[in-house]
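A quick note: this is a predicted structure, and the numbers were derived from the prediction, not measured. A note on names: the letters A, B, ... follow the listed sequences, proteins ahead of strands, and every chain is numbered from 1.
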Amino acid sequence: MVTDIESQLDIFRRQFKRVQDEIGKVIVGNDEIVKGVLISLLSQGHVLLEGIPGLGKTKLVQTISDVLHLSFSRIQFTPDLMPGDIVGTYVVHESETGEKILNFQPGPIFANIVLADEVNRATPKTQSALLEAMQEKSVTVGKVTHRLERPFFVLATQNPLEMEGTYPLPEAQLDRFFFKLKITYPAVGEMHEILDRTTQADEPSVERVLNRDEILAMRETARSVPIARSVQEYAIQMTMATHPDFASAHPLTARYVRYGASPRATQALVIGGKVNALLDDRVHVSCEDIRAMALPALRHRVLLNFEGEAERVDPDTIIEGILKDTPEPVE
Amino acid sequence: MSDTNHSDQATILGTLRRVDRRLRFNEGLRSLTVAICALLTLLLLLRILGALFPIPLPSIAVVCGLWGLLLAAYWLWRSTRSRTLGQAAGISDRRAQLKDELKTAYWFIVHGEPTPWTDYQAGLAAGTAARLDPVQLVPMVVPRGAIAAFALAALFALSIWAPLPDAESIFGAAAGLGGGDEDPGQVSAIEDLMAQAAILDESDELLEERAISKEARERLEEALRRLEENDLSLEEMLREMQEARNLLEEGNLDMSTLQEGLEDLGKDLEGSDTLDEFADALQNQELEEAAELLRELAEKLAEMDATDQLGDLAERMDQLAPSDQQELEDLLAALQEASEALGEQDAEGAEQALQDAADLMEALADRMQAQDLMNQASQQLQSLEQAMAQQAMSMDPEQLAELLSQLQQEGEGGEQVGMSMASDEVQWQGGGEEDGDASEDPQGGPSGHATGDPLGGDGKLGDPTRLEVQLEVEVLDTGEEPEPPRPENIFEEESRQEDSALGYREVRQRSTFAEEDVMNVERIPWRYRNLVKLYFLAIRPRDDNGH
């Protein structure tokens, strides 16, 4: 049994490293973003990537899809995009006998990896089309529910909300994203590397290194990592500290937050922490893993109130305050 | 569960127990330091307070007992707070940077159901635990409080070896540092002291008049002079006053025995027509009157019946019981001599003996009065001593000397008035029985003196009470009827009815109360009101001109 676990761990770490290395051939820097995306993939979560245009969000997702031996589809969200354009619709087909029948034509959502590019450019109605798919891993059209193939991984990109022609994502949909990762502008050294790779004759290419079954096995391995009750308690305390109505609310929360993070956030903290622990050569979750997951798991689940919006408070500031002031359990 | 798992658990728990023991030891050391600090602070505090104000032994015992109880309660409370091995695991993880490895393993050992993954984690944790050295992980730490404990111990030892300054010197220095600041308490002390000193001054005058204890008075005068010249500390002044009081109390008459003896003498002489008044005067302790009566009796001896009256007189005087009192012995001897002379029908000898007895009685009366005054003076000196000792804490010696010199000047300048008023006060305030003899002083006002207790036992001198009565004005009922109103002041006119110049009309409120309430509710923070106003101004409907 010990040998089995050790081999699982070895495979997990080796394969993760291979995927990282392959992605690193195309994507310069952004190691934490890549790690976050892979943690979400292995935690059965979806990722919302936010950044100004041109920072390689779409490129990153495309690279990931290239590395993983999975079906991939891309949906470019525009204001006139309709829900049917995403989930699919029934179209009239004429059979060989001349009979006209309605056949379900699956939309681009029916893929293992779905890139929802510039998701906040579509109307909230269309954005909501993703709700069932993201949570239930199924799509209901008419009276028929269609199961999506596992693994189902949505990678959405969005531009900052301040930009023109964007719609804020509904809170319910935001909550369904496992992580929200912010892509920042690359450093000067990274820019040189980007130029070197993309302005020459041969552009780097990647190989498919991970197939569907391997991904599912890695997911199972990650979920097996034990976590002590006190560490779990720490994750709960972190989540509760984002709720302004609770006694344990952080002062910043009490002042700027309207609604705190949901239990999904705590799930994200714990499952993400498990993957992070495995990547750190441990088979137990520590409070450090929870802290490492706090920002990507909580930042999109903390909804600011009027004062917070008006003062342009960054949710990251609130979460960092919570991280600083929430004590680790003694035992 | 396999043997490997058992050994892993034993390794983890063994390490955690060793860590826990060391943690407990350090904690005990810390608690002990706190207790020692508290004890030393208490002892030092008691030592300082004991130097300033004498603290009775029972109070010290109570304080120490309370401290002991508090300490015991603290230890009991600490002992009830049992530390778990989970806490030891947490501390080990933190100190060895194990990222909650031992904590997780311990939790699954105690609570969790074993799974392959938890067993595997426990195996890894056991390996880590085996490598841990609890001595390095939890080294014995000397608490920071130990420095404070050492410092307190040193201070306490110093306070034992080097005696602390007493309260008088501390407060004297404090008063000196205080400079010329007027303190209400100090003013009150000076006033009290002035009152006491005035009595002392008066007592001195009386003593001078009676030529009693000249030595004591001279001693006090010398002390006052030295104090005025800053040549005498308060402590020395108090000592001088004590000496003066001792001098005053030297050779005191036993007043109560003497009074009892006189009373017995009066009772012995009762029942005789000739000696009844004399006996009454003796029983009432009116010695001067008794002496006068004795002189009258001596002058009347020649007119008395030789057989009956003189014989009766001689017999009664002969029966007088001897007294142990030296002062009464002479008087009795004179009366005995008179009795013998009467028995020998020697009228002249008897008259002379009675005159001698009257002289002795007058002298005795004077001595008793003087003794009474000395008692008063001694009592007042004692009161002044106590007042000075108590008030000296808030008083500069220079101020005291100034005050006493001021008193002396007042005594010299307004001696007559002062004495007169003091005498009045003594007579006014005396609550006990008074047997005063006021006489006009040719040099001043009435300088009466009282033989009763002028202070009325434990009475205190004060300002005389003034009775001010304001009479209330009363209205007398004379029985007269009130006058009816005069006819010219009565006006009679018909009441008139007029219409209002303004007609009734319906007035509508611009807004209902509910609307006003809604308008008054302010949910927008003040800092954003301007922003909201600008927003609504921007989206307001505009007319054709764009306004």
For the pair [X] and [Y], find out whether any cationic side-chain nitrogen is under 4.0 Å from an anionic carboxylate oxygen.
| X | Y | answer |
| --- | --- | --- |
| A:D289 | B:K99 | no |
| A:R18 | A:D21 | no |
| B:E101 | A:R282 | no |

Name the option with the most non-hydrogen atom pairs under 4.5 Å to chain B; the candidates are [options].
| options | answer |
| --- | --- |
| A:I227, A:V231, A:V225 | A:I227 |
| A:R229, A:E288, A:E307, A:E328 | A:R229 |
| A:S224, A:A310, A:A277, A:C287 | A:S224 |

Next item on the list: Any chance you could lay out the ring pair (Phe, Tyr, Trp, His ring centres under 6.0 Å) test for A:Y259 and A:H243, step after step, and finish with the verdict?
Entry: CA-CA 6 Å; A:Y259 295 116; A:H243 287 263; 8.9 Å; no

Checklist line | Aromatic contact, A:H284 with B:F108 (centres under 6.0 Å) | finding: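 They do not qualify: ring centres at least 6.0 Å apart.
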
Notebook entry, point to check: For B:E27, which residues count as a side chain to side chain donor-acceptor pair (under 3.5 Å) partner, sequence neighbours excluded?
Noted result: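 Only B:R78, B:R83 meet the side chain to side chain donor-acceptor pair (under 3.5 Å) criterion with B:E27.
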
Margin query: B:L132 and side-chain contact (heavy atoms from CB on, under 4.5 Å): which single residue from B:L98, B:V19, B:T11 fits?
Written below: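 For B:L132, the side-chain contact (heavy atoms from CB on, under 4.5 Å) test succeeds with only one of B:L98, B:V19, B:T11, which is B:L98.
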
Check: Is chain B contacted by the side chain of A:Q232, its backbone, both, or neither, given a heavy-atom distance below 4.5 Å?
Finding: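 Contact with chain B is absent: no heavy atom of A:Q232 under 4.5 Å.
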
Check: Considering only heavy atoms, which portion of B:Y106 lies under 4.5 Å from any heavy atom of chain A: side chain, backbone, both, or neither?
Finding: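 Neither part.
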
Note to self: Using a 4.5 Å heavy-atom cutoff, which residues in residues 120-129 of chain B come close to chain A?
What the structure shows: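 If one takes a 4.5 Å heavy-atom cut-off, the residues of residues 120-129 of chain B near chain A are B:Y120, B:Q121, B:L124.
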
Check: Is the closest side-chain heavy-atom distance between B:L70 and B:Y74 below 4.5 Å?
Finding: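 The answer is no; the side chains never approach within 4.5 Å.
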
